[in-house]
Amino acid sequence: MSALIEIRGVSKAYTRGRQRIEVLHRIDLDIERGDFLALMGPSGSGKTTLLNMIAGIDTPSAGSVTVGGRRIDTLSATELARWRAAHVGFIFQFYNLLPMLTAQKNVELPLLLTRLDAAQRRRNARIALELVGLGDRVGHRPGELSGGQQQRVAIARAIVSDPTLLVCDEPTGDLDRQSAEEVLALLQRLNREHGKTMIMVTHDPRAAEYARRILHLDKGSLVEAGAPA
Amino acid sequence: MGLRRKKARTLLTLLSVAMAFALFGLLDAVRVAFTAPQNLAGIDRLVVSSRFSIIQPLPLAHLARMRAVPGVRRIAWANWFGGIYQDPKNFFPTIAVSPQPFLEVHPEIVLPAAERQAFVTTRTGAIVGAALAQRFGWRPGDRIPLQATIFPNKDGSIVWTLELVGIFHAAQPELRGMEQQLFFNYAYFDEAREFGQGTVGWYIVQVDDPAQVDRVAQAIDRLFANSSDETKSQSERDFQLSFAKQIGDIGLIVTAIMGAVFFALILLTGNTMAQAIRDRTPELAVLKTIGFTRPLILSIVLAESMLLLMLGGAAGLALARLSLPVLNAASGGQFDLPMMPRTWWTGLGLALVIGLAVGLPPALRAMRLRIVDALSGR
Ligand SMILES: Nc1ncnc2c1ncn2[C@@H]1O[C@H](COP(=O)(O)OP(=O)(O)O)[C@@H](O)[C@H]1O
Ligand SMILES: [Mg+2]
């Protein structure tokens with residue numbers, strides 16, 4: 001049986017003037033359904049770039065990315081947008097909530113792209129917020145929440161449309177130890193209890209310990225490091 | 001949601017939009033008032049006056065001969081009276097007319113049937129426009145004493161007392177200027193004046209076919225050529241067009257002012273929108289990331305810009321609508337500027353177009369935003 005995500009010979013290069021910088025060198029990688037993968041590596045090693053390829057917000061210069069049997073590196077911008085809406089939940093380092101909207105409305109955002117009616121959207125968002133432990137904060141704006149709470153709202157937004165995979169780029173990079181551990185435990189629970197496939201970029205070894213598998217990127221190449229001890 | 005963020009900035013912009021459209025509403029009312037003669041009313045009418053001068057009267061005897069001209073349907077006649085009500089400052093046109101034919105050839109004068117009948121049958125009867133009646137608080141049944149400046153009464157007095165028998169309205173709002181006039185019975189005028197009996201100031205000839213006005217005009221003038229009372233027949237439309245040409249500059253001035261105002265408005269709102277979208281680049285990037293398509297992003301930004309302009313525009317036009325009666329009252333009845341439905345539609349249409357024009361550049365920029373760059377703050 002083939003893996004959920006199949007990355008074959010993926011390279012990414014930027015050209016600055018006459019200079020060509022290759023950020024990723026012919027990466028091959030399989031990620032199974034239900035996996036929780038931590039991508040580690042020093043700053044500038046290409047972690048975010050690789051994650052963006054998997055999530056369909058960037059396209060490789062060479063190679064192919066197949067998710068659930070579908071080549072996504074050849075899709076048009078609009079096809080990709082639809083694919084992301086259906087299959088990917090995003091969690092960023094700086095939460096990226098819309099500051100004018102309440103937690104509830106932020107979580108409802110992805111559902112605007114579905115066929116659900118207003119009442120269904122409200123109910124699903126509510127369930128997602130309960131799941132991340134913020135059932136009592138639905139009416140709060142991001143400015144009225146702590147960093148950890150904001151990140152949990154972001155997680156609720158990422159899972160509300162039940163995507164195939166969750167991608168997290170330094171999800172705890174802006175949090176204190178305590179909040180970071182809560183968020184990581186939540187991600188782990190989503191993986192273990194709800195079977196969500198997760199790919200998390202982090203440079204923090206303690207965060208990586210929550211994953212099932214750790215991979216290291218170094219100067220654009222993958223170095224496997226096995227399961228955490 | 002982006003517009004709500006910087007409340008003060010948005011409010012100021014809304015205010016500017018509203019002011020610009022209030023100005024538009026007022027100026028467009030002025031333009032309509034001044035260009036109203038281009039209205040269709042009167043395209044089937046000729047004005048027949050003396051060839052030599054408008055103050056030179058024509059014999060009433062011309063009537064029968066003109067009636068024989070092919071293409072003539074009806075003929076009314078009129079004479080300038082030039083009466084003063086209480087004070088010369090109260091000026092308004094006072095004209096003696098042949099009631100029945102005069103009303104028949106002017107369908108734009110709207111008068112209830114009973115008042116119409118009273119005007120036709122009352123010897124000293126007069127009708128006034130609604131605006132004039134309101135100006136002096138007149139009601140049907142009132143007696144209106146007019147001081148004659150040209151025509152003393154046969155009884156030696158210079159005061160003519162008319163009986164107000166009706167108040168008319170203009171059929172279309174853009175013709176409301178005519179509601180400032182007083183018409184009274186020519187029969188009474190002719191019989192009671194000291195001199196000039198049997199003459200009229202001008203005839204109003206209605207023709208069967210508007211396309212034939214020029215032909216009928218020539219036929220009438222030919223009829224009286226080389227007589228002692230030669231005529232000059234002009235289509236009312238020509239007369240109005242030459243009038244409109246004289247004040248054509250007003251349309252030009254209004255257009256120029258509005259051009260300048262809207263130009264400034266486009267710069268201002270364009271700047272506001274561009275700034276609002278720039279501030280929201282990270283949010284738009286998030287929306288794109290979670291799957292909002294490019295067309296959707298484009299329409300979100302466009303909708304926001306059009307909403308801004310439509311809200312401001314509607315508020316401005318409403319402001320103009322509310323201030324017109326105040327302006328009209330302040331002018332002591334000199335002006336009666338109407339707010340036409342067309343002004344609303346043109347104004348809202350303009351708001352929509354400006355909203356589109358102003359929203360398009362930032363909308364396109366937002367649409368083309370590269371997610372990866374925007375997310376990393378590049
Ligand atoms: N749009 C771009 N243009 C030029 N260089 C880029 C661009 N995006 C990323 N890079 C470069 O690619 C390298 C890898 O970036 P990134 O994937 O963000 O690293 P990481 O997430 O591991 O810190 C860095 O050297 C970065 O400067
Ligand atoms: Mg990174």
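All values reported here derive from a predicted model rather than from experimental measurement. Within every chain, numbering begins at 1; the chains are lettered A, B, ... in the order of the sequence lines, protein sequences first and strands thereafter. No hydrogens, no waters, no symmetry mates; every other heavy atom, side chains included, goes into these values.
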Student: Nearest 0.5 angstrom please: A:Arg84 CZ to B:Ile290 CD1, how far?
Tutor: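 Result: 10.0 Å between the selected atoms.
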Student: Does any heavy atom of chain B fall under 4.5 Å from the side chain of A:Phe94, the backbone, both, or neither of them?
Tutor: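 Looking at A:Phe94, nothing touches chain B.
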Student: Search all heavy atoms of B:Gly291 against all heavy atoms of A:Ala85 and return the closest pair with its distance.
Tutor: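 Taking B:Gly291 first and A:Ala85 second, the nearest heavy atoms are CA-CB, 4.0 Å.
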Student: Who pairs with B:Leu319 by side-chain contact (heavy atoms from CB on, under 4.5 Å), at least two apart in sequence or on another chain?
Tutor: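 Counting only residues at least two positions away or on another chain, B:Leu319 forms a side-chain contact (heavy atoms from CB on, under 4.5 Å) with B:Met19, B:Ala22.
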Student: Is it the backbone or the side chain of A:Leu80 that comes under 4.5 Å from a heavy atom of chain B, or both, or neither?
Tutor: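 Neither; nothing under 4.5 Å.
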Student: What option among A:Leu113, A:Asn96, A:Thr78 has the most heavy-atom pairs under 4.5 Å with chain B?
Tutor: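 Counting heavy-atom pairs under 4.5 Å, the top option is A:Leu113.
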Student: Report, as yes or no, whether the 6.0 Å neighbourhood of atom CD on B:Gln134 holds more than 12 heavy atoms from other residues, nucleotides or ligands.
Tutor: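 12 or below, so no.
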Student: Can you tell me if NE2 on A:His25 sees more than 12 non-hydrogen neighbours from other groups inside 6.0 Å?
Tutor: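 It does: A:His25 NE2 has more than 12 such atoms within range.
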Student: Tell me whether A:Lys12 at atom NZ has more than 12 heavy atoms from other residues, nucleotides or ligands lying less than 6.0 Å away.
Tutor: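 Above 12, so yes.
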Student: Do A:Leu109 and B:Phe292 come within less than 4.5 Å of each other through their side chains, counting heavy atoms only?
Tutor: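 A side-chain contact under 4.5 Å exists here.
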Student: Nearest heavy-atom pair of A:Phe92 and B:Thr289: which atoms, and what distance?
Tutor: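 That would be CZ-CG2, 3.8 Å.
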Student: Taking CZ in B:Arg342 as the centre, count heavy atoms belonging to other residues, nucleotides or ligands within less than 6.0 Å. Is the count above 12?
Tutor: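 No, because the 6.0 Å sphere around CZ of B:Arg342 holds 12 heavy atoms or fewer from other groups.
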Student: Give the interface residues of residues 35-65 of chain A toward chain B, defined by a heavy-atom separation under 4.5 Å.
Tutor: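 The stretch touches chain B at A:Asn52, A:Ile57, A:Asp58.
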Student: Just wondering, are more than 12 heavy atoms of other shown residues or ligands nearer than 6.0 Å to CZ in A:Arg8?
Tutor: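 Enclosed: over 12 neighbouring heavy atoms sit under 6.0 Å from CZ of A:Arg8.
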